[in-house]
There are 2 protein chains.
Amino acid sequence: MPKLSPDVIDEKKLVIEEAARELFIKQGFHATSMRDIAKTAEVSLGNLYNYYETKEAIYQSIINRYSEGVNQKLGEIFEQIDEPLEPTNLRKFGEMVGELVNQHSDFWLLMYIDVLEFQNSHFRKMFEGLTDRFNRIYGDKFEAAKQRGDLRTGVDASVAFTAAYMQFFNYFLVEKLFGGNQHLGLSDDQALNHLTKIFAYGTLSEEKLAYFKKSAFGN
Amino acid sequence: MPKLSPDVIDEKKLVIEEAARELFIKQGFHATSMRDIAKTAEVSLGNLYNYYETKEAIYQSIINRYSEGVNQKLGEIFEQIDEPLEPTNLRKFGEMVGELVNQHSDFWLLMYIDVLEFQNSHFRKMFEGLTDRFNRIYGDKFEAAKQRGDLRTGVDASVAFTAAYMQFFNYFLVEKLFGGNQHLGLSDDQALNHLTKIFAYGTLSEEKLAYFKKSAFGN
DNA sequence: TAAATAAAAATGAACGTCCGTTTTTTATTA
DNA sequence: TAATAAAAAACGGACGTTCATTTTTATTTA
């Protein structure tokens, strides 16, 4: 039969990769066999090799596809946060990071596979220059806040925001994947409030805090 | 020959487990074969089964042994921190957490193996009730600080301290295992200063902060 | 103190299974 | 019908585990 159209090929690859992803996440990379993948994807074993050169190529393709999706979601989150230093926005940011973690916990498991099996070579860029990335997005806002004297002396807004991002991210990851079971002794809602408060207090000048207090944040 | 003394048996197990640990960390659990372990430990393949029932039992034994060591180190850290809310102590705490992470990064890799292969069943208890644990150690100090009005209204000391611990821990983990490469855009020293500052500002009342400012913390 | 003993430890070949990949065969359809 | 996809079979090797055998050594005996 003649060549399949690129669209059809992509669809078939998607089916294979969804099966493989499910299995990788459930039982790890090495514990998942090409036969498992073939059976789950309802494709013959040999046919897998018409679409991928090796098993690792399947893994690679999955995280490429997934990375795009997650990066897009992250972009959408950033779009919705116009004033990143406002406590209410910081809290909303934390909430959205939580959703990102929970909805795509698979993805972060794939990252741990990467750490263990491939020295994190596929995910490395995700953490490199994280602060720079935030600076590229919010740099103007950060600078304006600094000029207005909204910030604590000696506290850099981009560092603080990155730290907050990492804290939120890690909080939900521990809850979701590590069996944290309310490891802060609080519900997710309360934990978000608490963490937001700490970062707001920790970042903003007294004057700015007084201003925000009128519009009652957190608790 | 008669039974070996428990001490001798323990020594031999230690050799086996050190070999296995090295391999598990380097190439993962599934990618490490019993033959690999036997060769590295300079023991015959069959003999491994005189000491362990299965391959997983080796893994289990490794993390049991390791957990004890790490928990002890953590205990030593806590012992050295008498006033956990003092900025200088918080910073010292972060430093020691960093050393713990860097010196035992193997251990945390084993944790990721656990997450992937065993649903974190062996490490789960490490995150459960983390805040409770800190409360058990520093509860009195936290309560006293609260009574003295050292804390921000609405900020719980044990939650804040747990959050700081998680932040420090995660910071060094990302740097060590995930190729963070100064992901906060700062040296470790500067990052510690910055994070300490945020948590101090975020936790302590204005009065207490003013008091500490005289003894110049951070930066 | 030295030889004999017997029980435990150590060995490595063998087992059956499953692995990733390749090759061969069959089915499909422009 | 001819090119291509899909399926099936086959390959060599590696896997965790078992087991019959050999080696070792703490204890007993002379």
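Each chain gets a letter, A, B and so on, in the order the sequences are listed, and its residues count up from 1.
Each of D:dT17, C:dG20, D:dG16 was ranked by its minimum atom distance to the side chain of B:Leu45; first place goes to D:dT17. With C:dG20, C:dA9, D:dA6 as the candidates, the nucleotide lying closest to the side chain of A:Lys55 is C:dG20. When distances are taken from the side chain of A:Val43 to each of D:dA5, C:dT21, D:dA7, the shortest belongs to D:dA7. You'll find that the side chain of B:Lys12 is closest to C:dA9, out of D:dT17, C:dA9, D:dA6. With distances taken from any side-chain atom of B:Tyr49 to the nucleotides C:dG20, D:dG16, C:dA10, the minimum falls on D:dG16. Residue B:Arg35 has its side chain nearest to D:dT17 when only D:dT17, C:dT22, C:dT11 are considered. For A:Ser44, counting side-chain heavy atoms from C-beta on, the closest listed nucleotide (D:dA7, D:dT17, D:dA9) is D:dA7.
Formation of a donor-acceptor pair under 3.5 Å by the A:Gln167 side chain with backbone atoms of A:Leu195 is not found in this model.
Residues B:Phe123 and B:Phe107 bring their aromatic ring centres within 6.0 Å.
With DNA chain D read from its 5' end, the first of the two nearest nucleotides for A:Glu42 and B:Met34 is the one closest to A:Glu42.
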Please set out all donor-acceptor pairs under 3.5 angstrom arising from side-chain atoms of residues 21-29 of chain B, sequence neighbours excluded.
residue, atom, partner, partner atom, Å
B:Arg21, NH1, B:Asp106, OD2, 3.2
B:Gln27, NE2, B:Thr32, OG1, 3.3
B:Gln27, NE2, B:Asp36, OD2, 3.2

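Legend: residues meeting ring-ring contact (aromatic ring centres under 6.0 Å, His included) with B:Tyr171, ordered by chain and number and at least two apart, are B:His183.
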